[in-house]
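As structure tokens, the structure follows; a few thoughts come after it.
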Amino acid sequence: MIENSQAFQEALVALDKVQADSLFQEALKDAKPIQVVEQLVVPALEQIGEQWQKGDLALSQIYMSGRFCEELVERVLPPSDPDRKHQPRSAMVVLNDFHMLGKRIVYSVMRASGFEMFDYGRMDVAQVIERAKQDRIKVLMISVLMLPSALKVREVSDALGDDVKILVGGAPFLFDDQLWKDVGADAMGRNATDAINVVETWMREQSL
Amino acid sequence: MSTTTMNSMQRTLTTLGHQEPDRVPFFLLTTMHGAKELDVSIEEYFSRADYVVEGQMRMLKKYRRDCLYNFFYGPIETEAWGADVIYAEDGPPNAGQPIIRSMADIDALEAPKISEAPCLQRVLEATRAMKAKVGDTVPIIGVAISPFSLPVMQMGFEGYLDLMHGDQTRFERLMKINEAFSTQWSNAQLEAGATAICYFDPLSSTTNIPRDLYLKTGQQIAKRTIANINGPTATHMAAGRCLPIVDDIAQTGTAVLGVSAWEDLAELKAAASKKLTVLGNLNGIEMRRWTPEQAELEVKRAIAQAGRGGGFILSDNHGEIPWQVPEDVLLAIADAVERWGCYPLDWIDDEAETLFA
């Protein structure tokens, strides 16, 4: 069992890259990279996400820690590494609006947690439907900032049907906790670790 | 219920003085709904100052609100810097590609001249026309994005966070340019007839950056900028949290604080403690699906939490009502303000338990 997760988290929140790197390297002496990710990085990012949700940490701290963890994990667990999770074909997209930070944070945290997924960047409804079908996507994560974009998730969910699980996130869903149901999503994530938990639950429940 | 005896300006000034006016002032910050009034597209509506003036005047009367709002759309400032604006049929225009695409672009960056930016001139023309119509009876709220928050549109949020955490020299240069622009833009609106400037500063919210970073950056920039704005300001967090920094915001010299639906209005009012007037915090996103009954309940709750003693303006929590919020909800909110917002607010004692059960 790797200890120091708390110290690692504190280093991330303080944007102390040297200390976080040092704790990460130290953990690697006694454990395999995937264990370090699961026992050091993921718990720290989970805590950071939860603290943001409670209003105790800021978005900039989540963004910077997610980015930094992504770099650390990339070094020891490249995308093709077989130890990366066996997961459903997944993609992440910013639907219809132009605010990319939320997706970037979730993408970083998920990759830092061992997930791989397509990054579709910003797309409109028709583009994301076409691309998701082409890539045979099973889990589609949609990020939005604007209410009109959130309402467009309905068009995506109607077009992709039950074969694709849709996980939504972003400010409109945080301000109205019924909205994800109104637009036909299968779940909403309040933060990046929520997204991980939802996808892992779907993997367990439905063998996606 | 007692009848009102003050005009909108008197009502607003009284509450800003932390005294109870005749009724809780009501700043319904509708922008795009003016296009519905005129039955034109959002793009067409914002293309003409006279449309915006007409829309604002109709909404002033229809919703019995206590302000006019010269805000066209968020990216109008970056439009002046050369960025594209992307219109939607059912929502606010978005900023297109950032004008700063690499950090090195900051080295050669120059602010636009307000007199040479047609989009900003349109806002000033609308402001002058509104002032001619209402004189000093209704506050006209102008808008400037804070120098600290503007780069989110100028260079994208990610790029800006990277700059802030990685290139202090260019960050400071960008702030210097933006501070000069924001001050000039604010003062031009005041000269055109705006009563006050809504200083939109969501990046300073504790939702977005930690307090210690705010104290080193957003707060210092706000102090310098607000000191050079020749009129009162209302700092707005555009739905971000701010409870831990209420005192810090008060030190910037601002008079009003626009707050989030994520925080408790009573706690915010207590924290503002006569240093700031609280503006908020009806949930604009949920408002889309409120019934008239729920709208009334939400108005009562907000007034019960923050109305007593003045120092409170009822508004939404973001600074812009979403296009999808139906007219009957807005009318129900307006009715509820008239019904429950008249001072003294004695009904609160009888209903507090039910309201917050």
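Throughout, a chain's letter reflects where its sequence line sits, starting with A, and its residues are numbered from 1. Both backbone and side-chain heavy atoms feed into the values below; hydrogens, waters and symmetry mates do not.
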Tell me which of these, A:Leu179, A:Leu57, A:Asp97, has more heavy-atom pairs under 4.5 Å with chain B than the rest.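 Most heavy-atom pairs under 4.5 Å with chain B: A:Leu179.
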
Which one of [options] has the most heavy-atom pairs closer than 4.5 Å to chain A?
{"options": "B:Leu243, B:Asp212, B:Ile209", "value": "B:Ile209"}
{"options": "B:Ser260, B:Pro322, B:Ala239, B:Ala261", "value": "B:Ala239"}
{"options": "B:Ser205, B:Gly156, B:Pro210", "value": "B:Pro210"}

Checking heavy atoms, do the side chain of [X], its backbone, both or neither come under 4.5 Å from chain A?
{"X": "B:Leu203", "value": "neither"}
{"X": "B:Arg211", "value": "neither"}
{"X": "B:Pro92", "value": "both"}

Could you tell me whether A:Glu130 atom CD has more than 12 heavy atoms of other residues or ligands within 6.0 Å of it?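 No - once you tally the heavy atoms of other residues, nucleotides and ligands closer than 6.0 Å, there are 12 at most.
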
Assess whether atom CD of B:Glu89 is packed by more than 12 heavy atoms of other residues, nucleotides or ligands within 6.0 Å.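 No, CD of B:Glu89 has 12 or fewer neighbouring heavy atoms, counting only those of other groups under 6.0 Å.
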
Using 0.5 Å steps for rounding, measure from the [atom1] atom of [X] to the [atom2] atom of [Y].
{"X": "B:Asn208", "Y": "A:Tyr63", "atom1": "CG", "atom2": "OH", "value": "13.5 Å"}
{"X": "A:Leu145", "Y": "B:Phe157", "atom1": "CG", "atom2": "CZ", "value": "9.5 Å"}
{"X": "A:Leu59", "Y": "B:Leu161", "atom1": "CG", "atom2": "CG", "value": "7.0 Å"}
{"X": "B:His165", "Y": "A:Leu15", "atom1": "NE2", "atom2": "CG", "value": "5.0 Å"}
{"X": "B:Ile285", "Y": "A:Asp176", "atom1": "CD1", "atom2": "CG", "value": "8.0 Å"}
{"X": "B:Leu213", "Y": "A:Gln61", "atom1": "CG", "atom2": "CD", "value": "8.5 Å"}

B:Arg241 to A:Gln53 - nearest heavy-atom pair and separation: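 Here B:Arg241 and A:Gln53 meet closest at NH2-O, 3.2 Å.
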
Closest non-hydrogen atom pair between B:Gln324 and A:Pro148, with its separation: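 Shortest heavy-atom separation between B:Gln324 and A:Pro148 comes out as NE2-CG, 3.8 Å.
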
According to the interplanar angle, ranging from 0 to 90°, do the rings of A:Trp52 and B:Trp262 count as parallel (below 30°), tilted (30 to 60°) or perpendicular (above 60°)?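 Taking B:Trp262 first and then A:Trp52, their aromatic rings stand perpendicular (interplane angle over 60°).
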
So, do [X] and [Y] sit near enough that their side-chain heavy atoms are less than 4.5 Å apart?
{"X": "B:Arg288", "Y": "A:Asp182", "result": "yes"}
{"X": "A:Met64", "Y": "B:Asp162", "result": "yes"}
{"X": "A:His99", "Y": "B:Asn94", "result": "yes"}

Is [X] close to chain B through its backbone or its side chain, or both, or neither, when contacts mean heavy atoms under 4.5 Å?
{"X": "A:Leu151", "result": "side chain"}
{"X": "A:Met146", "result": "side chain"}
{"X": "A:Lys152", "result": "side chain"}

